[in-house]
Amino acid sequence: MKVLVPIKRVIDANIKIRVKSDSSAVELNNVKMAMNPFCEIAVEEAIRLREAGLVEEIILVTIGAPQCQETIRTGLAMGADRGVLVEADNDTEPLGVAKLIHAITLRENPRLVLLGKQAIDGDNNQTGQMLAGLLGWSIGSFISKLEVDGDNVNVVREVDGGLEKVALSLPAVATVDLRLNEPRYASLPNIMKAKKKPIDVLTPEELGVDVSRRTRVVNVEEPPGRDAGVQVSSAEELVDKLRNEAKVI
Amino acid sequence: MSILVIAEHDGKELRSGTLNTITAAGQIGSDISVLIAGNDCSSLSNTCATIDGVSQVLVVNDPMYQHDLPENLAPLIKSLANDYSHVLAPASTYGKNLLPRVAALLDVQQISDISAILSKDTFVRPIYAGNALATVQSNDAIKLITVRTTAFEAATIQGGSASVVEVPSIDCETLSTFLGEELTSTERPELTSASIIISGGRGMQSGENFSMLEQVADQLGAAVGASRAAVDAGYVPNDYQVGQTGKVVAPDLYIAVGISGAIQHLAGMKDSKVIVAINKDEEAPIFQIADYGWVTDLFSAMPALAAALDTDP
Ligand SMILES: Cc1cc2nc3c(=O)[nH]c(=O)nc-3n(C[C@H](O)[C@H](O)[C@H](O)COP(=O)(O)OP(=O)(O)OC[C@H]3O[C@@H](n4cnc5c(N)ncnc54)[C@H](O)[C@@H]3O)c2cc1C
Ligand SMILES: Nc1ncnc2c1ncn2[C@@H]1O[C@H](COP(=O)(O)O)[C@@H](O)[C@H]1O
């Protein structure tokens with residue numbers, strides 16, 4: 001089967017972000033970018049399925065500015081086969097992104113779409129669930145295990161109370177959680193090979209998708225800060241402070 | 001304004017976040033309906049009718065709703081949504097799994113994880129692991145919203161007298177099947193509603209060593225949480241994880257033991273009222289946000305803390 005993996009380019013998870021001084025957005029200029037960590041896990045899972053002989057082709061898709069080609073190259077260097085870039089605003093909303101991936105899904109006919117559970121910039125946690133709704137497909141969200149079982153995939157989902165096991169009939173959409181796997185690093189030969197793999201470039205207009213915004217960002221601000229407090233040096237002192245100063249125990 | 005709140009429950013009891021979501025709904029308007037979809041939930045719906053501020057309880061009983069499968073629930077909520085200006089669910093794994101699918105069916109851009117309500121169409125939500133707060137205005141006809149439950153008080157199950165109305169289930173194709181679950185059972189309070197939490201990180205070194213935290217938790221009536229590193233290392237189950245991609249908590253007291261304080265962990269706990277950090281590395285970033293810091297080895301500190309708590313105030 002074919003697997004489609006939507007990936008997003010975001011500020012690297014190790015970078016401390018800054019809000020622009022005009023409070024309009026988070027500063028993206030001259031900031032280190034990387035593939036969203038959850039998307040790396042989705043790419044890795046697709047590659048493992050191919051290594052297990054269950055998948056023939058892995059197609060990456062990203063929606064964003066031309067620079068997002070770099071992120072596709074990263075995924076191709078990990079082992080995906082080809083990429084699709086839909087050139088659109090970097091801040092296309094999850095509904096718009098889901099509609100574009102929906103259109104690509106109808107063109108490419110994958111049996112499985114693997115996404116990250118959330119993009120660590122907007123923290124929306126919506127796109128995969130929306131895509132499954134648009135397609136009328138089953139959804140396994142926040143998965144930490146995936147097994148192909150004939151016409152089903154069985155997934156283990158990380159839920160608030162523990163773990164849940166669900167059988168999804170194929171075709172299906174799944175969104176991956178951190179404990180599904182440890183993504184590999186691309187080797188130098190694979191980075192070289194990735195340069196030759198094809199990337200198609202499309203536009204929302206070509207796909208016939210309207211991605212006009214439904215929400216307006218009024219402003220973006222730093223959250224109220226928290227100051228360091230005092231140091232204690234014994235358990236008795238800590239308990240005394242918690243009882244008599246903070247009055248929380 | 002009429003607002004529909006999707007209740008999260010296990011058939012017998014509401015999950016606590018539902019009550020906080022009802023409080024958030026009350027800040028938007030006063031005509032609040034609560035949907036209880038499940039199997040055999042009639043007695044729960046009668047309890048819900050007594051929640052302060054709720055005017056109507058919609059109940060639907062059908063085995064297909066028993067396991068919260070979004071493929072089955074989304075068409076049901078879609079069929080009800082057009083009577084409402086807002087549809088709210090808690091930003092728990094339940095709400096996150098379900099509401100975006102409803103949003104897609106209704107062609108609405110959902111607003112995730114709101115922490116404040118400025119007006120009927122303008123909301124505040126944390127982005128970038130809570131390192132920025134975005135104020136967002138929606139122009140969709142129906143607003144679909146998940147609520148950061150720690151940012152709102154819980155409504156009380158008392159004083160209300162809502163009407164209870166049965167609604168029909170909506171036929172749908174079976175796309176997925178629930179196979180089973182492994183829920184963590186504990187006598188301790190639930191993480192997201194506990195007033196005291198003690199969490200352990202990689203510094204704990206093993207799952208067995210968490211018993212030191214459990215002892216203090218029991219002395220304080222606290223819940224036990226963990227960092228991602230502790231969960232990944234297999235010390236404790238996944239549902240202990242606090243942070244950007246785990247649970248968001250805001251107790252009166254949060255005690256972080258052997259946790260360095262990565263931004264992704266802080267995202268889940270920095271709104272706690274009082275933060276205590278116990279760490280042997282005085283440079284650990286957790287000390288920058290702790291009200292009380294104690295630079296010490298946790299293996300001597302935890303028994304000492306247990307002993308000190310045993311003394312009378
Ligand atoms: C996309 C993404 C999402 C993430 N989501 C989350 C999340 O939701 N929650 C989360 O927690 N993390 C999350 N992380 C991981 C996060 O970045 C950190 O790696 C993690 O929080 C570190 O856990 P830790 O503090 O327990 O471990 P470490 O950073 O290794 O810190 C261990 C601490 O223990 C101290 N210590 C060791 N021995 C002792 C001792 N004997 N006595 C006292 N102190 C001791 C050390 O000084 C150190 O400060 C995420 C990361 C990514 C990339
Ligand atoms: N612009 C985008 N391009 C490609 N995939 C995306 C994009 N935005 C989100 N996704 C996918 O949807 C997942 C969840 O994102 P979100 O719903 O924004 O939290 C990500 O991990 C990606 O797999």
Side-chain angles (χ1 to χ4, degrees), chain A residues 16-17 19 26 93-95 98 118 120-126 129-130 132-134 137-139 141-142 144 154 158-169 178-179 214-223 226 228-236 238-239 241-243 246 248-249, chain B residues 70-71 74 92-93 96-97 100-101 103-105 109-113 122 127-140 175-184 220 232 237-239 245 252-253 270 273-274 276 287-295 301 304-305 307-309 313:
Chain A
K16 176 143 180 40
I17 59 115
V19 172
V26 166
E93 294 168 315
L95 182 66
Q118 94 195 49
I120 60 164
D121 49 3
D123 284 334
N124 278 305
N125 197 329
Q126 300 179 0
Q129 298 89 313
M130 285 180 160
L134 295 174
W137 289 7
S138 57
I139 173 79
S141 54
F142 331 140
S144 57
N154 296 337
E158 294 205 350
V159 295
D160 287 337
L163 299 172
E164 183 180 292
K165 204 167 177 190
V166 182
L168 312 174
S169 49
L178 293 169
R179 277 169 286 276
R214 308 298 186 79
T215 67
R216 182 173 76 87
V217 177
V218 180
N219 69 39
V220 175
E221 286 172 337
E222 303 251 355
R226 245 193 123 106
V230 297
Q231 293 288 327
V232 300
S233 54
S234 73
E236 290 72 28
L238 177 60
V239 169
K241 297 257 196 231
L242 294 178
R243 277 184 182 148
V248 284
I249 59 172
Chain B
E71 297 89 337
S92 56
T93 51
K96 289 171 179 171
N97 188 27
R101 191 176 182 103
L105 300 185
Q109 176 52 55
Q110 175 187 312
I111 318 262
S112 291
D113 207 20
T122 308
I127 55 174
Y128 287 92
N131 289 302
L133 296 175
T135 299
V136 181
Q137 185 176 27
S138 159
N139 63 20
D140 277 313
L175 297 171
S176 67
T177 315
F178 175 86
L179 299 177
E181 60 195 350
E182 269 172 54
L183 300 184
T184 308
L220 293 171
D232 283 359
N238 65 287
D239 52 291
T245 53
D252 293 336
L253 172 60
K270 71 180 160 61
K273 212 145 88 197
V274 174
V276 171
F287 287 124
Q288 290 164 18
I289 60 143
D291 300 283
Y292 300 105
W294 185 12
V295 180
L305 183 58
L309 285 168

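The model shown is predicted, which means the values in this text are computed figures rather than measured ones. Protein chains get the first letters and strands the later ones, always in sequence-line order, with residue 1 at the start of each.
Between the side chain of A:N124 and the backbone N or O of A:Q118, no donor-acceptor pair lies under 3.5 Å.
Here A:D160 is the residue among A:N219, A:V239, A:D160 with the most heavy-atom pairs under 4.5 Å with chain B. Of the listed residues B:L105, B:L220, B:D232, the one with more heavy-atom pairs under 4.5 angstrom with chain A than any other is B:D232. No other option in B:G180, B:A134, B:G130, B:A129 has as many heavy-atom pairs under 4.5 Å with chain A as B:G180. Ranked by non-hydrogen atom pairs under 4.5 Å with chain A, the options B:T122, B:I111, B:T184 are led by B:T184. Interface remark: of the candidates A:L134, A:I120, A:L168, A:I120 forms the most heavy-atom pairs closer than 4.5 Å to chain B. Heavy-atom pairs under 4.5 Å with chain A peak, among B:V274, B:L253, B:L305, B:T245, at B:T245. For the set A:A98, A:P223, A:A132, A:S144, the count of heavy-atom pairs under 4.5 angstrom toward chain B peaks at A:P223. For the options B:L183, B:I127, B:V136, B:L133, heavy-atom pairs under 4.5 Å to chain A are most numerous at B:L133. The residue among A:M130, A:Q126, A:Q129 with the most heavy atom pairs within less than 4.5 Å of chain B is A:Q126. Looking only at heavy-atom pairs under 4.5 Å with chain B, the residue among A:V159, A:V19, A:V217 that has the most is A:V159. For chain A, the option among B:D252, B:L175, B:N139 with the highest count of heavy-atom pairs below 4.5 Å is B:L175. Counting heavy-atom pairs closer than 4.5 Å to chain B, the top residue among A:Q231, A:E164, A:E236 is A:Q231.
The side chain to side chain contact (heavy atoms under 4.5 Å, CB included) search around A:K241 returns A:V230, A:V232, A:E237, A:E245, B:Y292, not counting sequence neighbours. Partners of B:D113 by salt bridge (Lys or Arg N to Asp or Glu O under 4.0 Å), not counting sequence neighbours, listed by chain and number: B:R148.
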Assess whether side chain to side chain contact (heavy atoms under 4.5 Å, CB included) is satisfied between A:I249 and B:L309, documenting all intermediate values. CA-CA 10 Å; A:I249 59 172; B:L309 285 168; 3.7 Å; yes

Would A:R214 and A:E93 count as a salt bridge (Lys or Arg N to Asp or Glu O under 4.0 Å) here? Give the steps. CA-CA 8 Å; A:R214 308 298 186 79; A:E93 294 168 315; 5.7 Å; no

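Proximity to chain A is limited to the backbone of B:A290, based on heavy atoms less than 4.5 angstrom apart. Heavy atoms of B:P70 lying under 4.5 Å from chain A belong exclusively to its side chain. For B:V276, the part sitting under 4.5 Å from any heavy atom of chain A is the side chain, from C-beta outward, and nothing else.
Within the 4.5 Å cutoff, the side chain of A:K16 has heavy atoms near those of the B:N131 side chain.
With values rounded to the nearest 0.5 angstrom, A:I17 atom CD1 is found 10.0 Å from A:D121 atom CG.
Using a 4.0 Å cut-off between charged side-chain N and carboxylate O, B:D291 and A:R226 make a salt bridge.
Side chains of B:S176 and B:E71: a donor-acceptor N/O pair is present below 3.5 angstrom, by distance only.
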